[in-house]
Amino acid sequence: MRDRLCGTLRLDDAGTRVRVCGWVAKRREHGEHLAFVDLRDHSGVLQCVVPGTVDVRSEYVIAVEGEIRPRLEGTENTDLPTGAVELTDCTVTVLNAAEPPPFAVDDRVEVDEVIRLRHRFVDLRRPRMQANLRTRATINSALRSSMDRQGFVEVETPLLWAPTPEGAREFVVPSRLHHGKSYVLPQSPQLAKQLLMVAGVDRYYQIARCLRDEDLRADRQFEFSQLDVEASFVTQEDILAFVAEAVLDAAEAVTGVRPDEVPRMTWAEAIDRYGSDKPDIRFGMELIDLTSVFSGTGFRAFDAPCVKAIVVPEGASTTRSRLDALTDRSKALGAKGLAWFRVIDGGEGAIALESPVVKFLSEDEQAGVLASTGASLGDLVLVVADEYRLTCSVLGSLRLDIGGRPVSEGPYAYLWVIDFPMFDGADDAGNPIAAHHPFTMPHLDDLELLETDPAAVRSQAYDLVLNGWELGSGSVRVHRADIQSRIFAALGIDEDEAASRFGFLLGAFRYGAPPHAGFAVGIDRLAAIFAGEDSIREVIAFPKTQSGWDPMTDAPKALADGALADLGLRPLPALD
RNA sequence: GGACCUGUGGUGCAGUUUGGAGUGCACGCCGCCCUGUCAAGGCGGAGGUCGCGGGUUCAAAUCCCGUCAGGUCCGCCA
């Protein structure tokens with residue numbers, strides 16, 4: 001039907017007769033003797049010259065036959081890769097007429113996202129979206145070939161799985177054959193891939209769809225894809241090497257540049273310096289500790305377990321309303337408040353602090369702030385005083401609010417965050433909560449702390465971070481029953497509960513579980529960053545809105561009459 | 001569950017602060033003209049429950065209350 005793609009034609013092709021197919025991007029008529037048709041396919045746009053008039057409209061699907069010739073002198077279009085040539089003496093065949101599109105198929109127009117999603121088949125026709133889909137495909141392909149090369153075998157795991165009440169909320173699939181019982185869609189293939197290790201698969205990977213019934217964000221959809229990895233007889237170091245190899249292969253495939261080694265930082269350092277377990281290390285504004293400056297302070301607001309600051313370069317001119325907004329933001333994040341200090345000229349070549357609260361600080365404290373922060377004239381110093389973790393997280397958020405850049409903006413700053421804590425926080429009963437999941441191997445140096453000081457136990461868990469987004473996480477798994485029992489004990493899970501929740505896994509482990517470890521990389525996030533997008537929706541063909549609505553299909557929808565009964569379900573009376 | 005921002009012809013906006021006729025801009029659409037344009041150009045035309053409901057007022061796109069939808073964020077995401 002066609003013999004060339006529109007966007008591929010060049011001067012070298014001059015003199016050849018070709019037939020191309022695509023959509024009418026633009027028609028320009030010049031009376032009864034001449035018309036131009038810009039023909040678009042996924043590869044680009046080609047100008048077709050029609051002798052006479054042509055009865056086509058935007059987005060008509062047409063085939064055009066003609067001869068490629070160099071453009072007339074002075075009519076070349078340098079904005080177009082095909083701009084040195086044009087298809088001349090064209091015969092146009094209309095393959096399908098089209099109504100005017102609801103919005104222009106053009107990267108230059110901004111369109112409301114609901115309208116784009118309702119007509120996604122038109123939206124995806126836009127060059128930028130075509131490029132995004134292809135960037136994602138390039139990543140998938142590079143990841144697969146990298147894992148293949150590294151000796152991993154791709155295994156598919158079930159989408160219909162058993163409920164495991166732990167972690168993310170699961171999508172439920174009621175059973176028709178077993179009324180009252182349900183499958184769930186997997187929030188990840190975590191347990192399946194560990195079983196594959198017991199099964200002797202040795203090195204597994206899968207580009208796996210994961211489903212989580214949790215609230216959506218710019219970087220979160222109900223369903224997303226992971227490069228899921230698990231390997232036996234390996235250490236944390238091996239996993240970091242496997243995953244870095246695959247991700248850097250993908251980066252090279254997309255950008256043409258292979259990044260350097262991925263630097264590492266411990267979780268504790270990330271929290272301390274950046275107030276985040278996924279620090280964006282593309283810029284500074286690191287957290288500065290002022291606790292010792294204010295030990296024994298007379299200023300009650302700073303009489304706290306931890307006092308930290310960030311310095312906003314050139315921030316002294318920040319308006320009062322903006323500072324008030326930052327204070328509100330700090331409170332919304334859980335801080336009691338926010339203290340700000342403008343660094344002003346103190347006379348005689350010195351600098352000084354200016355703030356409504358500066359009068360509550362001693363001379364030594366003011367000097368200590370300036371010395372510790374290294375702030376200079378014209379800067380703004382923001383101070384939070386509270387419990388350690390809260391102080392860090394609030395300042396970490398403010399750092400991003402003030403200095404943050406779009407995630408997709410270069411340079412690409414990869415980071416391994418290692419040595420995550422084993423437990424983080426406590427549940428209503430006062431038991432620790434597993435920071436990663438309960439099959440995570442503790443740091444061997446910290447094993448004895450499981451019973452004495454669980455909060456201090458580090459785990460062999462690790463995250464990969466890119467430009468402040470968590471690209472993925474993984475861990476070394478527990479394969480020994482004795483250590484697993486001690487972890488369950490620390491979590492307050494007794495034998496019966498463990499058996500009912502994870503019985504099939506623990507049972508399998510009795511039949512020869514090898515030491516194993518794994519990881520999962522978020523492909524949507526990786527694709528978004530490489531595509532230059534700040535939302536993963538731009539690299540998903542048919543995404544949903546923040547409330548989980550699909551404007552194209554109108555899902556979710558009420559089921560047809562009888563469908564619920566087939567599943568043994570009956571709706572509850574409406575609440576109002 | 002919560003905070004903030006947004007909602008005006010097919011698309012993108014201005015108009016809202018300080019109430020006064022659906023007023024305007026750009027693109028698109030329809031018709032006519034045009035032999036080298038390329039987001040072509042010229043002339044003419046059509047197209048609107050100002051998200052929805054209620055209230056205040058002589059009068060509401062504009063002020064107030066509620067509600068729906070979208071986005072960003074907090075919670076949530078082992």
Side-chain angles (χ1 to χ4, degrees), chain A residues 25-40 45-53 57-59 71-80 82-83 86 88 99-119 122-123 164-170 187-188 190-191 210-222 224 325 328-334 393-394 397 400-401 404 420 422-425 427 432-440 459 461 470 473 475 487 491 493 501-502 522 534-535 537 544-549 551:
Chain A
K26 199 72 196 176
R27 177 198 57 163
R28 291 179 295 279
E29 280 197 317
H30 289 253
E32 57 185 311
H33 300 293
L34 176 69
F36 298 98
V37 174
D38 289 341
L39 186 65
R40 179 189 62 243
V45 170
L46 176 68
Q47 173 164 284
C48 306
V49 187
V50 181
T53 60
R57 294 285 190 276
S58 288
E59 301 310 315
R71 291 205 188 182
L72 301 177
E73 179 116 20
T75 65
E76 301 89 349
N77 184 346
T78 53
D79 295 335
L80 228 50
T82 61
E86 59 193 1
T88 57
E99 293 179 18
F103 52 88
V105 181
D106 187 325
D107 288 341
R108 288 168 293 207
V109 301
E110 293 252 334
V111 183
D112 183 88
E113 195 170 352
V114 171
I115 292 165
R116 293 176 56 202
L117 292 182
R118 182 170 296 135
H119 305 276
V122 172
D123 189 40
T164 52
E166 181 90 20
R169 190 178 295 111
E170 295 160 320
Q187 49 178 297
S188 81
Q190 179 62 39
L191 300 179
C210 306
L211 299 108
R212 297 182 186 172
D213 190 359
E214 298 287 352
D215 288 358
L216 278 35
R217 287 281 198 288
D219 61 350
R220 283 163 29 191
Q221 283 271 301
F222 283 152
F224 58 98
D328 290 344
R329 167 79 170 153
S330 303
K331 289 176 178 169
L333 292 166
S393 71
V394 170
S397 296
L400 291 175
D401 289 346
F420 271 65
M422 188 75 193
F423 307 105
D424 196 17
D427 64 18
I433 298 169
H436 188 57
H437 60 61
F439 314 109
T440 304
S459 68
E470 179 193 319
S473 61
S475 62
I487 293 168
L491 289 167
I493 299 175
R501 280 204 211 170
F502 314 111
D534 299 321
S535 163
R537 295 190 298 274
K544 291 172 181 59
T545 68
Q546 199 165 64
S547 69
W549 177 47

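A:Q221 comes within contact range of no nucleotide atom at all, as no heavy-atom separation falls under 4.0 Å. Note on A:Q546: a base of the nucleic acid sits closer than 4.0 angstrom, heavy atoms only. Residue contacts shown for A:A434 are limited to sugar-phosphate atoms, with no base heavy atom under 4.0 Å away. Residue A:R169 is out of contact with every strand shown, counting any heavy-atom pair closer than 4.0 Å. Here A:T440 lies out of heavy-atom contact (under 4.0 Å) with every strand. No engagement by A:E470 is indicated, since no non-hydrogen atom pair under 4.0 Å with the nucleic acid exists. Counting any heavy atom pair closer than 4.0 Å across all strands shown, A:D112 reaches sugar-phosphate atoms only and no base atom. A:R71 comes within 4.0 angstrom of a base, heavy atoms only. Within 4.0 Å (heavy atoms only), A:E113 reaches sugar-phosphate atoms of the nucleic acid but no base atom. Residue A:R27 is out of contact with every strand shown, counting any heavy-atom pair closer than 4.0 Å. Here A:A35 lies out of heavy-atom contact (under 4.0 Å) with every strand. At a threshold of 4.0 angstrom between heavy atoms, the contacts of A:T545 are confined to the sugar-phosphate backbone, with no base atom among them. When heavy atoms are screened at a 4.0 angstrom cut-off, A:I115 is found touching the sugar-phosphate backbone but no base atom.
Under a 3.5 Å cut-off, the side chain of A:R57 and the backbone N or O of A:P100 do not form any donor-acceptor pair.
Between B:G28 and B:G20, the distance separating the two C1' atoms is 33 Å to the nearest Å. B:A21 sits 29 Å from B:G66 when the C1' atoms are compared, rounded to a whole Å. When the P atom is compared between B:U23 and B:G48, the two are found 13 Å apart, to the nearest whole Å. B:C38 sits 37 Å from B:G51 when the P atoms are compared, rounded to a whole Å. Spacing of P atoms, B:G7 relative to B:A14, comes out at 7 Å, to the nearest Å. B:G44 and B:C34 have their C1' atoms separated by 15 Å, with the value rounded to a whole Å. Using atom C1' as the reference point in both B:A61 and B:U49, the two lie 12 Å apart (nearest Å). Here, B:U18 and B:C32 have their C1' atoms 46 Å apart, quoted to the whole Å.
Distance from the side chain of A:D106 is smallest for B:A39 among the nucleotides B:G70, B:G1, B:A39. Comparing B:U35, B:C38, B:C29 by their closest approach to the side chain of A:P100 singles out B:C29. In this structure, the nucleotide among B:G70, B:G36, B:G75 sitting nearest to the side chain of A:F36 is B:G36. With distances taken from any side-chain atom of A:K26 to the nucleotides B:C73, B:A39, B:G75, the minimum falls on B:A39. Comparing B:C76, B:G70, B:C73 by their closest approach to the side chain of A:E214 singles out B:C76. The nucleotide whose nearest atom lies closest to any side-chain atom of A:W549 is, among B:G70, B:C38, B:A39, B:G70. Listed candidates were B:A69, B:A40, B:C77. Nearest to the side chain of A:R28 is B:A40. The A:R57 side chain lies nearest to B:C30 when the options are B:C76, B:C30, B:U72.
A salt bridge links A:R116 to A:D123: at least one charged side-chain nitrogen sits closer than 4.0 Å to a carboxylate oxygen.
If you measure from atom CZ of A:F103 to atom C1' of B:C29, you get 16 Å, rounded to the nearest angstrom. When the P atom of B:C38 is taken as reference, atom CG of A:D79 falls 11 Å away, rounded to whole Å. Between the CD atom of A:E29 and the P atom of B:G31 there is a distance of 10 Å, rounded to whole Å. Residue A:R217 contributes atom CZ, which lies 11 Å from atom C1' of B:G2 at whole-angstrom precision. Counting to the nearest Å, the P atom of B:C77 and the CG atom of A:D424 are 11 Å from each other. One interatomic measurement links the two molecules: CZ of A:R40 to C1' of B:C38, which rounds to 15 Å at whole-angstrom precision. Taking atom CG of residue A:D38 and atom C1' of nucleotide B:A39, one finds them 10 Å apart after rounding to whole Å. A straight line from CD of A:E86 to P of B:U35 spans 17 Å, rounded to a whole angstrom.
Between A:G31 and A:T53, the shortest heavy-atom contact is O-CG2, 3.7 Å. Summarising the geometry of A:V109 relative to A:A104, their closest heavy-atom pair is CG2-O, 3.7 Å, with the distance given to 0.1 Å. The shortest heavy-atom contact between A:E214 and A:R169 is OE2-N, 2.8 Å. Here the closest heavy-atom approach between residue A:M422 and residue A:T440 is recorded as CE-O, 2.9 Å.
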Are A:D215 and A:R220 close enough, and set up right, to give a salt bridge (charged side-chain N to carboxylate O under 4.0 Å, His left out), and what steps lead you there?
CA-CA 8 Å; A:D215 288 358; A:R220 283 163 29 191; over 6 Å; no
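Nucleotide B:U37 forms no Watson-Crick or G-U wobble pair with any nucleotide shown, as no partner meets the under 3.5 Å limit on both distances. If you check B:G24 for Watson-Crick or wobble pairing at under 3.5 angstrom, you find it paired to B:C13. Under the Watson-Crick or G-U wobble criterion, with both distances below 3.5 Å, B:G66 is paired with B:C52. Across all strands shown, nothing is found opposite B:G19 as a Watson-Crick or G-U wobble partner with both distances under 3.5 Å.
Judged by distance alone with a 3.5 Å cut-off, a donor-acceptor contact links the side chain of A:R220 to the base of B:C77.
Residue-to-nucleotide proximity on RNA chain B shows that, of A:E76 and A:H33, the 5′-proximal contact is made by A:H33. In terms of position along RNA chain B, the nucleotide closest to A:P102 lies nearer the 5' end than the nucleotide closest to the other residue of the pair A:Q47 and A:P102.
Distance check: A:D38 CG to A:R28 CZ gives 4.0 Å after rounding to the nearest 0.5 Å. Considering CD of A:E170 and CZ of A:R212, their distance stands at 10.0 Å, rounded to 0.5 Å.
B:A40 has A:H30 stacked on its base ring, the centres lying under 5.5 angstrom apart and the planes within 30 degrees of parallel.
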